[in-house]
Amino acid sequence: MPSSGLTRSRLGVTVHQPGLGPLLDLRAGGFLDEVAAPAALAAATTGSGVIGFSQGLARFLATRWLRLQLLVAAVASGALIRSLAPLLRDKHRDPAVLLLDGSGCHVIPLLGSHGRNGDQLAAAMAAFRGGRAWRSGYSSGSGQLALDCFGTSLGWRRGSGDWDGLVKVFARQPQPMALVQESGSPSWRATAAAARLQPADPLPPGEPWLYVGHRAATGATAHWHPPVLWLGLGCERHTRQAVLEAAVEKSLASAGLAAAAVAGAASLDRKGDEPGLLALCRQRQWPLKIFTAAHLAAVPVPNGSPVVARQVGTPSVAEAAALAAAGTGARLLAPKTVVHGERASGAATCAVALATSPRAPARGALDVIGSGPGALDQLTPAARAALAAAAAWVGYGPYLDRLEPLRAPQQLRLDGVLGKEQERCATALAMACQGQRVALVSSGDSGIYGLAGLALTCWLDLPEQDRPDFAVHPGISALQMAAARLGGPLMHDFCAISLSDKLTPWPTIRQRLHAAALGDFVVALYNPRSRERVWQLQEARSILLAERSGSTPVAVCRQLARPEEQITLTTLAELESSTVDMLTLVLVGNSQTRRQDPWLVTPRGYAVDRGVESG
């Protein structure tokens, strides 16, 4: 899994992420630090370098312009525009340029809003800084889809077509535009931003229309290609890469298929070390799946060969490998095509199968978001940036409701139900494997009684090459928020125990409560009571009372950091379970915790004569 990080140097900060070119700090002699980091993180890229300069902005840019993919500038807008003007070529080749205001919080995408993902980068950077992205483009300013770039966030490749013409017509006319989607997930069409794209059959004559699918030439104005095609490849020993490429091109062309829709390649395991095959996959950035002869022999194919079966143990390599890689429900679109090279350069066979769903984990990412207690001002900058960068949000409905003001019109929202955490994780991971960047939202801290562990387990169950990027973004837990509201109850050792026995047997929970009581820990009780579980809190209270005084302070904290917040201070002896529900955290002090309304404080140490440690 790619890693990311920041390294200080004399000239600036190096941001390590996959695929991004040089990133420049345009503040003379300064450090970029966290101002630039979120942009790189939002792009999920590596290899970017941050460089400082001391004089000559125009000259400095001129010597680096051709190598840049992203430029983040914190200088006067006039100076930047005058320096950039002589360098501009066209929107397809120029880098994205983002301008920061004097506070470093608000961001304006000046160039590359679509083709270089400038809008998305600006949104993530502004979210990280607690600011706003000021957008002037038609699509981003009006809440419409940016037709020429929206597919990138879904893991698609942009194909041929009159993209400029399509975008101009979409901006000019108020009526819906015709859409034909032949493959790939249609879930994106449920977003508000996609409302003006409508499936049409028949197509309106003479009108522009957009195609989404695996075919190369359809008569559409422009094409997006989801990764749904799998190539089955077989070859003689030491077949050259050029021969394999010729077989691929011939197969795709014979069926009118787009190379941009290829998800990957597959072959027999004994071909897994072929230099030409490996070089082809490396150059095209295609994952290579290999299968045993027994696996391929069990795949029904239309053109099996007894000769091939005698040679390699399966009657088909190319067709069987393509269907096996494409998975359940796959269809063979191009039967095997054989290409012979010249002068002993080998021979290759290629077939193409269509999968029922896209597959491009190398383009996708799963971000597990700790949304905190629910108040937007309690979200961490990293969580805000990850939410802004995601193509889709997946989570329990009420948790997503609290984040709804941050969701953009082009971001898909998928609501789950309470108790279906496994399904939510599976849904989010499947979408990330399709090539999308997905935010899986958990309340509080996703790593504390949240979804991080379950999502990580599902991710680790995948083969390594099938794993999208994975990151956990912490949030403020109910325990931390309760401590902040109460003042200082966690100044000494503490623990958290969930009273829900749905996943943990009650005897184990009872044992942990005994240990916490004997150890004199401050105890945070999660999931203290529900409609079905009405007795556990009272038993927990009895266990704690066996080892500590009935006058021990207790805080009953409900709906923390939400409009309905209510905190009640009581004692262990007087704690009533009827005032507690699943939206409540119960915080029980230790033998040293004292109450001084409206505060609770636990001293740093027990031995008063040794003084108090400071943290």
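Given the structure is predicted, the values throughout are model-derived calculations rather than measurements.
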Next item on the list: Could you give me the CA-CA distance, side-chain angles and deciding distance for Val312 and Leu296, then say whether side chain to side chain contact (heavy atoms under 4.5 Å, CB included) is met?
Entry: CA-CA 10 Å; Val312 297; Leu296 296 183; over 6 Å; no
Note to self: Test side chain to side chain contact (heavy atoms under 4.5 Å, CB included) on Leu414 and Trp393; report intermediate values, then the result.
What the structure shows: CA-CA 6 Å; Leu414 294 178; Trp393 294 5; over 6 Å; no
Notebook entry, point to check: What do the steps show when you test Gln181 against Arg189 for side-chain hydrogen bond (donor to acceptor under 3.5 Å, both in side chains), and what is the final call?
Noted result: CA-CA 10 Å; Gln181 181 168 2; Arg189 283 154 46 187; 3.0 Å; yes
Margin query: Would Ser446 and His473 count as a side-chain hydrogen bond (donor to acceptor under 3.5 Å, both in side chains) here? Give the steps.
Written below: CA-CA 7 Å; Ser446 54; His473 304 274; over 6 Å; no
Next item on the list: Apply the test side chain to side chain contact (heavy atoms under 4.5 Å, CB included) to residues Val228 and Trp156: give CA-CA distance (whole Å), side-chain angles for both, the deciding distance (0.1 Å), then the verdict.
Entry: CA-CA 10 Å; Val228 291; Trp156 303 350; over 6 Å; no
Margin query: Let's go through Arg237 and Asp273 carefully: what are the C-alpha distance in whole Å and the side-chain angles of both, what is the deciding distance for salt bridge (Lys or Arg N to Asp or Glu O under 4.0 Å) to 0.1 Å, and is it a yes or a no?
Written below: CA-CA 10 Å; Arg237 180 59 66 183; Asp273 62 350; 3.1 Å; yes
Next item on the list: List the steps and the verdict of side-chain hydrogen bond (donor to acceptor under 3.5 Å, both in side chains) for Gln241 and Gln283.
Entry: CA-CA 10 Å; Gln241 179 182 345; Gln283 179 181 324; 2.7 Å; yes
Next item on the list: Kindly determine whether Arg413 and Asp415 satisfy salt bridge (Lys or Arg N to Asp or Glu O under 4.0 Å), including the steps that lead there.
Entry: CA-CA 6 Å; Arg413 168 176 164 164; Asp415 289 27; 2.6 Å; yes
Margin query: Val212 vs Glu182, test: side chain to side chain contact (heavy atoms under 4.5 Å, CB included). Steps then yes/no.
Written below: CA-CA 6 Å; Val212 176; Glu182 196 173 7; over 6 Å; no
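Side-chain contact between Leu111 and Leu71 is absent, with no heavy-atom pair separated by less than 4.5 Å. Using a 4.5 Å heavy-atom threshold, the side chains of Leu332 and Val352 count as separate. Residues Val441 and Tyr396 have side chains not in contact (no heavy-atom distance under 4.5 Å, counting atoms from C-beta outward). Within the 4.5 Å cutoff, no side-chain heavy atoms of Leu462 are placed close to those of Pro361. Here the side chains of Cys433 and Asp466 are not in contact, with every heavy-atom distance at 4.5 Å or above. When side chains are defined from C-beta on, Arg359 does not count as touching Gln434, because their heavy atoms never get closer than 4.5 Å. Using a 4.5 Å heavy-atom threshold, the side chains of Cys425 and Leu440 count as touching. Taking 4.5 Å as the limit, some side-chain heavy atom of Arg158 sits within range of a side-chain heavy atom of Asp148.
The backbone N or O of Leu277 lies less than 3.5 Å from no partner atom in the side chain of Arg282, so there is not a single donor-acceptor pair. Listed for the Thr292 side chain is a donor-acceptor partner under 3.5 Å among the backbone atoms of His295. Here the side chain of His225 pairs no donor or acceptor atom with the backbone of Ala260 at under 3.5 angstrom. Of the possible donor and acceptor atoms, none in the side chain of Arg424 sits under 3.5 Å from a partner among the backbone N and O of Leu451. Of the possible polar contacts, one joining the Gln411 side chain to the Ala408 backbone as a donor-acceptor pair under 3.5 Å is found. In this structure, Lys250 contributes its side chain and Thr337 its backbone to no donor-acceptor pair below 3.5 Å. The backbone N or O of Gly256 sits nowhere less than 3.5 Å from a side-chain atom of Arg215 that would complete a donor-acceptor pair. Formation of a donor-acceptor pair under 3.5 Å by the Ser442 side chain with backbone atoms of Ile369 is not found in this model.
Taking the six-membered ring for Trp and thresholds of 30 and 60 degrees, Tyr211 and Trp209 have ring planes more than 60 degrees apart, a perpendicular arrangement.
Between Glu245 and Arg284 the shortest heavy-atom distance is CG-NH2, 4.5 Å. Taking every heavy atom of both residues into account, Glu274 and Thr239 meet most closely at OE1-N, 3.8 Å. Closest non-hydrogen pair, Pro208 versus Val169, comes out as CG-CG1, 3.6 Å. The nearest pair of heavy atoms linking Trp230 to Ala322 is O-CB, 3.6 Å. For the residue pair Arg384 and Leu406, the shortest heavy atom distance occurs at NH1-CD2, 3.6 Å. The two atoms that bring Ala365 and Pro468 nearest to each other are N-CB, 4.0 Å, heavy atoms only.
Both tests hold for Arg467 against Trp459: distance to the six-membered ring centre under 6.0 Å, angle to the ring axis within 45°. Both the sub-6.0 Å distance and the 45° axial angle are not jointly satisfied by Lys168 relative to the ring of Trp163.
Once rounded to the nearest 0.5 Å, the distance linking OG of Ser183 with NE2 of His214 reads 5.0 Å. Separating the CG atom in Leu154 from the OG atom in Ser185 is a distance of 8.0 Å, to the nearest 0.5 Å. Interatomic distance, CG of Leu179 versus CD of Gln198, reported as 8.5 Å (0.5 Å rounding). The distance from the OG atom of Ser345 to the CD atom of Glu236 is 9.0 Å, given to the nearest 0.5 Å. The distance from the CG atom of Leu233 to the CD1 atom of Ile290 is 13.5 Å, given to the nearest 0.5 Å. Rounded to the nearest 0.5 angstrom, Cys350 SG and Glu249 CD are separated by 10.5 Å.
For Arg240, the CZ atom is loosely surrounded, since the number of other residues' heavy atoms within 6.0 Å does not exceed 12. Counting non-hydrogen atoms of neighbouring residues, nucleotides and ligands closer than 6.0 angstrom, the CD atom of Gln465 exceeds 12 such neighbours. Atom CG of Leu460 sits in a crowded spot, with more than 12 heavy atoms from other residues, nucleotides or ligands closer than 6.0 Å.
Here Trp188 and Trp224 keep their ring centres 6.0 angstrom or further from each other.
Counting only residues at least two apart or on different chains, no salt bridge (charged side-chain N to carboxylate O under 4.0 Å, His left out) pair has a member in residues 327-348.
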